[in-house]
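Here is how names work: the chains are called A, B, and so on, in the same order as the sequence lines, proteins then strands, and each is numbered from 1. If you're wondering where the values come from, they're calculated on a predicted model, not measured in any experiment. Worth knowing before you read on, the calculation uses all heavy atoms, side chains too, and leaves out hydrogens, waters and symmetry mates.
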Amino acid sequence: MKLDPSFYTRSNVVVIARELLGKVLSTKINGLTTSGMIVETEAYSEKEKGCHAYKGMTQRNAVMYDDGGVAYLYLCYGIHQMVNVVTNTKGIADAVLIRALEPMTGMEVMMERMNVSHVKRITSGPGKLTRALGIDKSFNGKSLAGKELWIEDCGMKVKPAEIIKSPRIGIDYAGDDALLPWRFTLKGNEWISKM
DNA sequence: TACGTGATCACG
DNA sequence: GTGATCACGTAA
């Protein structure tokens, strides 16, 4: 079942980042369906220095100010597409970065997109999972309850004891805010990034 | 540990 | 216009 818009428009982005663990991100592109369970997320709030919207709206981050429930795409290092889940209500720029998936559907399609002949670690990082699922900047601002891109609850129950929180990756420039424990991973999962 | 890669942003 | 920077991935 696709997540209801009310899941995304809540005000606490950290709670939403935690609750996205165990949910399933899917795409259907040219008739090809690929999906994976979310096993790693990071929360970003406009009030802290790690966030792209910390200094206000720009052309790039404008969709972060939309109502929760749309995708925010961002190209990093000229190569890697990153996908974020926009949260909170219109005018407030909070988002959750999806950092890793455990593959579920469309293994062959994902392997071909990654140009590998094995399933191992094809979605274990924010840049890799977008490539495996075929997500690029054309999805910027698109609904997460759409026909080409969506997140659903497949009934996977995640217990609090299975969730690890840690500082976010790669945001040293954020100073003290880099220490916030806003990264969430599933304990013991083989698909989280940087293993 | 090093560096490719190109959009983006904050300057003028 | 221009230069520094960057929510990574891979090779070594």
Inset, instruction - Check the distance between B/dT8's P and A/Gln59's CD and give it to me in whole angstrom. - result: 7 Å
Inset, instruction - Cation-pi check, A/Arg168 to A/Tyr44: give yes when NZ or CZ is under 6.0 Å from the six-membered ring centre and within 45° of the ring axis, no otherwise. - result: yes
Legend entry - NZ (A/Lys142) with more than 12 external heavy atoms under 6.0 Å: yes
Inset, instruction - Choose from C/dT10, B/dT8, C/dA7 the nucleotide whose nearest atom is closest to any side-chain atom of A/Lys128. - result: C/dT10
Inset, instruction - Would you indicate whether A/Lys147, at its atom NZ, is surrounded by more than 12 heavy atoms from other residues, nucleotides or ligands within a distance under 6.0 Å? - result: no
Inset, instruction - Answer with base, sugar-phosphate or nothing: what part of the nucleic acid does A/Lys49 contact at a heavy-atom distance below 4.0 Å? - result: nothing
Inset, instruction - Taking only the side-chain heavy atoms of A/Leu75 (C-beta and beyond), determine which of B/dC9, C/dC8, B/dA7 contains the nearest atom. - result: B/dA7
Legend entry - Minimum-distance nucleotide (side-chain atoms of A/Asn84 versus B/dC9, C/dC8, C/dA7): C/dA7
Inset, instruction - Using only heavy-atom distances, determine whether the side chains of A/Glu40 and A/Ser193 contain a donor-acceptor pair under 3.5 Å. - result: yes
Legend entry - C/dA7 base stacked by A/Tyr74 (centroids within less than 5.5 Å, tilt under 30°): no
Inset, instruction - Would you please test A/Tyr74 and A/His52 for ring pair (Phe, Tyr, Trp, His ring centres under 6.0 Å) and show each step? - result: CA-CA 10 Å; A/Tyr74 156 63; A/His52 284 170; 4.5 Å; yes
Inset, instruction - Report the distance from atom CG of A/Asp172 to atom P of C/dC8, rounded to the nearest whole Å. - result: 10 Å
Inset, instruction - To the nearest Å, give me how far apart CE (A/Met82) and C1' (C/dT5) are. - result: 14 Å
Inset, instruction - Quickly work out the A/Arg121 CZ to C/dC8 C1' distance and round it to whole Å. - result: 14 Å
Inset, instruction - Measure the distance from CG on A/Asn61 to P on B/dT8 and round it to the nearest whole Å. - result: 11 Å
Legend entry - Rounded distance in Å - CD (A/Gln81) to P (B/dA7): 11 Å
Legend entry - Closest listed nucleotide, where the reference is the side chain of A/Thr58 and the choices are B/dT5, C/dT10, B/dC9: B/dC9
Inset, instruction - Quick one: label A/Arg60 by what it contacts on the DNA or RNA (base, sugar-phosphate, nothing), any heavy atom closer than 4.0 Å. - result: sugar-phosphate
Legend entry - Out of C/dC6, B/dA10, B/dT8, whichever nucleotide has its closest atom nearest the side chain of A/Lys55: B/dA10
Legend entry - Under 3.5 Å donor-acceptor pair, A/His80 side-chain atoms to C/dA7 base atoms: no
Inset, instruction - State whether A/Lys194 places a side-chain N or O below 4.0 Å from either non-bridging phosphate oxygen (OP1 or OP2) of C/dT10. - result: no
Inset, instruction - Could you check which of C/dC6, C/dA7, B/dC9 has an atom nearest any side-chain atom of A/Tyr77? - result: C/dC6
Inset, instruction - List the steps and the verdict of salt bridge (Lys or Arg N to Asp or Glu O under 4.0 Å) for A/Glu162 and A/Lys157. - result: CA-CA 10 Å; A/Glu162 297 174 309; A/Lys157 292 276 189 259; over 6 Å; no
Inset, instruction - Take atom NZ of A/Lys165 as the centre, draw a 6.0 Å sphere, and report whether it contains more than 12 heavy atoms from other residues, nucleotides or ligands. - result: no
Legend entry - A/Thr27 side chain vs A/Ile29 backbone, donor-acceptor pair below 3.5 Å: no
Legend entry - Dot-bracket summary - DNA chain B, pairs being Watson-Crick or G-U whose distances fall under 3.5 Å, with | when paired to another strand: ||||.||||||.
Inset, instruction - Send over the distance from A/Tyr173 OH to C/dC8 P, rounded to a whole Å. - result: 8 Å
Inset, instruction - Starting from C1' on C/dA7, measure out to CZ on A/Arg183 and report it in whole angstrom. - result: 12 Å
